[in-house]
Amino acid sequence: MGKVVLRLAPFPSGSLHIGNARGLFVNQEYRQRYRGKFFLVFDDTVGSEEKRPVPESYDLILQDMAAAGIQPDAIYYKSDRLELYYRDLPRLLDLGAAYVCTCPAELLRKNREAGVACPERSRETPWQRDQWAGMLGGRYAPGEAVVRIKTDMGHPNPAFRDRVLFRISDFHHPRVGTRYRVWPMLEYAFAIDDVELGITHVIRGKELIIEDMMEEALWRALGLRGPAFLHWGLLRIRETKISKSKSYQDVKSGAYDGWADPRTWSLSSLSRRGIRPQAIRDFVLSFGLSQSDIEVPAETLYAENRRLLDPTTPRRAFVPRPRRLRVEGMPGDLRVARLANHPERPEMGEREVEISDAFFLPEADLLKNAGKEIRLKDLLNVQLPPQVPPSEGVEADGEAGAEVIATFTTRPNKPLPRIQWVAAKGATHIDVFTLEDPHLLGMGEASLSSSREGQLFQFERFGFVRADPQPEDPEQPRRFIFAHP
RNA sequence: GCUCCUGUAGUCUAGUGGUCAAGGAUAGAGGCCUCUCGAGCCUUUGACGCGGGUUCAAAUCCCGCCAGGAGCACCA
């Protein structure tokens, strides 16, 4: 068996998204299985008006890959390889496999649709050569001349009729500026690179099938042998539209908190939420290489991650939208509560929480259980007053509504609604970033204020979270990013 | 419209002619818990798109139909 060489070729327009992750992990899987090589090829030709390379995304993509624990065997930039792309074109012209076309874009499109060939298609080689030299030499402005492959103007699929191989662009490129004006289309650049880099298998989404067929047409013309293609269908997470350009706008405008904003669903945002690369890997690999298009609920990804986190993640108390509760008749000896860090793993130890008669509880739970007896989880049972008037606009510190007065009943565990609580004494302000609410405020137990960046917790009856970096201003609430229930 | 692709439970997937009265995951339902009823654990409901054919035998092979999807840029 020959050596397997793979490539991932992202367009640098932001952090990798969950869709790119499929390419990343599938290729990585094949690299490992066949002890092959895996190259990162930045697909950074100039793009178009709507789709331009974004300077900072080169680093973002590198970081995403590092975070996923995947080290490419080599990194290439298409923008470094223009001369290489220019090299083989004259031969294509000589072979009569390509030609320079100066039809305006609009006419070109119309003729293609009608199956009408451009008169320049059949011009002789010296003329074509001269025109190519003219394109490189500045004879034409953007839009005035392109190189087209000669396939078949009568092909039943208009998409196959003499596609454009090179065009002129004056866009400023983040890496090479305006050094080049004549840029290859993706399919031409890859036709050269895939052979040049010795790629054996291209595994990617089926949206590029036509481009892959164009590569094959070019190899036939040049007498080259290229890699085999494998495709998968489109993957969508139900909860989101995967659109890098939309995310890019919100990141750029500041509406989003950078590429690590959970709403981008970028790889960096998933990592910020505490979603493990391993979970993402298992998730995308579970779909195999089917060409059907699938839409999967994020819950499936969460389930993978939960399986990884649950056994080792310490539990903590957090009360979203809190309301202050005072317990009358607290047993006098109750000064300290000892709480297990994990209900099933005593070896993870316990923590001590100082308590008084003042607590924070989720207002929603107080409203729901008004007049009933409830259990403050792991602590004691209380009777709630018959009426709990809702506070208007719950404040983050639970001080908005009037204090709710409950009465102590008993200590031992009983089958009551078990509600999480935070002791008012030493409670710390928490600000949780969820998909629905970028600032879900609440109160957490004291120890949370000193958690280090990257620490994972399960907030009981709330979900798994990951600690953001310590805020510079200690008065600011501690920030956690919500992963999933 | 054209080209290509795909059809297994609500969703995703295993399955390559017999071991499939179809396996797993997730969701749903029910239950358990000296303490998360939004976690965990247990149980459970639920599928081969339709119609023909080939064969002793079909989810698997063939044909037709139907239904979905993707692509159809001087973007990637």
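Worth knowing before you read on, the calculation uses all heavy atoms, side chains too, and leaves out hydrogens, waters and symmetry mates.
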On a whole-Å scale, what distance lies between the P atoms belonging to rG68(B) and rC50(B)?
16 Å
Separation of the C1' atoms in rG64(B) and rA47(B), to the nearest angstrom
24 Å
Regarding Asp310(A), tell me which of base, sugar-phosphate or nothing describes its non-hydrogen contacts under 4.0 Å with the strands shown.
sugar-phosphate
Is the NZ or CZ atom of Arg52(A) positioned over Phe171(A)'s six-membered ring, under 6.0 angstrom from the centre and within 45° of the axis?
yes
Rounding to an integer number of Å, can you tell me how far Asp212(A) CG sits from rC5(B) P?
14 Å
Mind checking the P distance from rA59(B) to rC66(B)? Whole angstroms is fine.
24 Å
Could you check how far CZ of Phe459(A) sits from C1' of rG38(B), rounded to whole Å?
15 Å
Centre of Phe190(A)'s six-membered ring, under 6.0 Å away, within 45 degrees of the axis: is that where NZ or CZ of Arg7(A) sits?
yes
Nearest-Å distance for atom pair CZ/P, residues Arg345(A) and rG40(B)
15 Å
How close or far is atom C1' of rA39(B) from atom CZ of Phe457(A), stated in whole angstroms?
17 Å
Quick test: give all pairs of protein nitrogen or oxygen and nucleotides 23-33 of chain B nitrogen or oxygen below 3.5 Å, distance rounded to 0.1 Å.
unit_1	atom_1	unit_2	atom_2	d
rA27(B)	OP1	Glu299(A)	OE2	2.9

rU8(B) versus rU34(B) - spacing of their P atoms, nearest Å
43 Å
May I ask you to establish whether Arg123(A) and Trp127(A) are in a cation-pi arrangement, using a distance under 6.0 Å from NZ or CZ to the six-membered ring centre and at most 45° from the ring axis?
yes
In terms of relative ring orientation, are Phe457(A) and Phe459(A) parallel, tilted or perpendicular, with 30° and 60° separating the classes?
parallel
For RNA chain B, just give me the dot-bracket, please: Watson-Crick or G-U, both distances below 3.5 Å, ( ) intra-strand, [ ] crossing earlier pairs, | paired with another strand, . unpaired.
(((((((..((((....[....)))).(((((.......)))))....(((((..]....))))))))))))....
Could you give the CD1-to-C1' distance, from Ile294(A) to rU13(B), as a whole number of Å?
9 Å
Is the distance between the ring centroids of Tyr188(A) and Phe166(A) under 6.0 Å?
yes
Rounded interatomic separation in angstrom, taking CH2 from Trp232(A) and P from rU13(B)
14 Å
From rU3(B), rU6(B), rA39(B), pick the nucleotide closest to the side chain of Arg315(A)?
rA39(B)
For residues Asn381(A) and Arg411(A), is any side-chain donor paired with an opposing acceptor at under 3.5 Å?
no
rG15(B) versus rA22(B) - spacing of their C1' atoms, nearest Å
8 Å
To the nearest angstrom, the CE-C1' distance between Met153(A) and rC2(B) comes to 15 Å
Starting at atom CZ of Arg338(A), determine the distance to atom C1' of rU34(B), rounded to an integer number of angstrom.
17 Å
Ignoring hydrogens and geometry beyond distance, is a side-chain donor-acceptor pair present between Asp212(A) and His231(A) at under 3.5 Å?
yes
Tell me whether the centres of the aromatic rings in Phe42(A) and Tyr76(A) are closer together than 6.0 Å.
no
What do you reckon, are the aromatic ring centroids of Tyr85(A) and Trp183(A) less than 6.0 Å apart?
no
If we take the P atom in both rA58(B) and rG46(B), what is their distance in whole Å?
24 Å
Looking at rC5(B), rU36(B), rU3(B), which one has an atom nearest to any side-chain atom of Gln291(A)?
rC5(B)
Going by heavy atoms in the side chains, are Asn305(A) and Phe464(A) under 4.5 Å from each other?
no
For rC37(B) versus rA29(B), give the span between their C1' atoms, rounded off to a whole number of Å.
14 Å
Is the shortest side-chain N/O distance from Arg461(A) to OP1 or OP2 of rA39(B) below 4.0 Å?
no
Shortest side-chain distance from Ser290(A), nucleotide among rU13(B), rC12(B), rC35(B)
rU13(B)
Using the ring of Trp265(A) (Phe, Tyr or Trp, six-membered ring only), decide whether Arg273(A) places NZ or CZ under 6.0 Å from its centre and within 45 degrees of its axis.
yes
Contact state string [nucleotides 70-76 of chain B, B base, S sugar-phosphate only, - no protein heavy atom under 4.0 Å]:
SBSBBBB
Flag this pair as yes if the NZ/CZ of Arg175(A) is under 6.0 angstrom from the six-membered ring centre of Tyr77(A) and inside a 45 degree cone about the axis; otherwise no.
yes
Sticking with atom P, work out how far rC41(B) lies from rC35(B), rounded to a whole angstrom.
15 Å
Which is true for Pro417(A) with a 4.0 Å heavy-atom rule: it touches a base, it touches only sugar-phosphate, or it touches nothing?
nothing
Would you check if there is a donor-acceptor pair between the side chains of Asp59(A) and Gln63(A) at a distance under 3.5 Å?
no
Which comes earlier along RNA chain B counting from the 5' end, the contact point of Leu416(A) or that of Ser286(A), where each point is its nearest nucleotide?
Ser286(A)
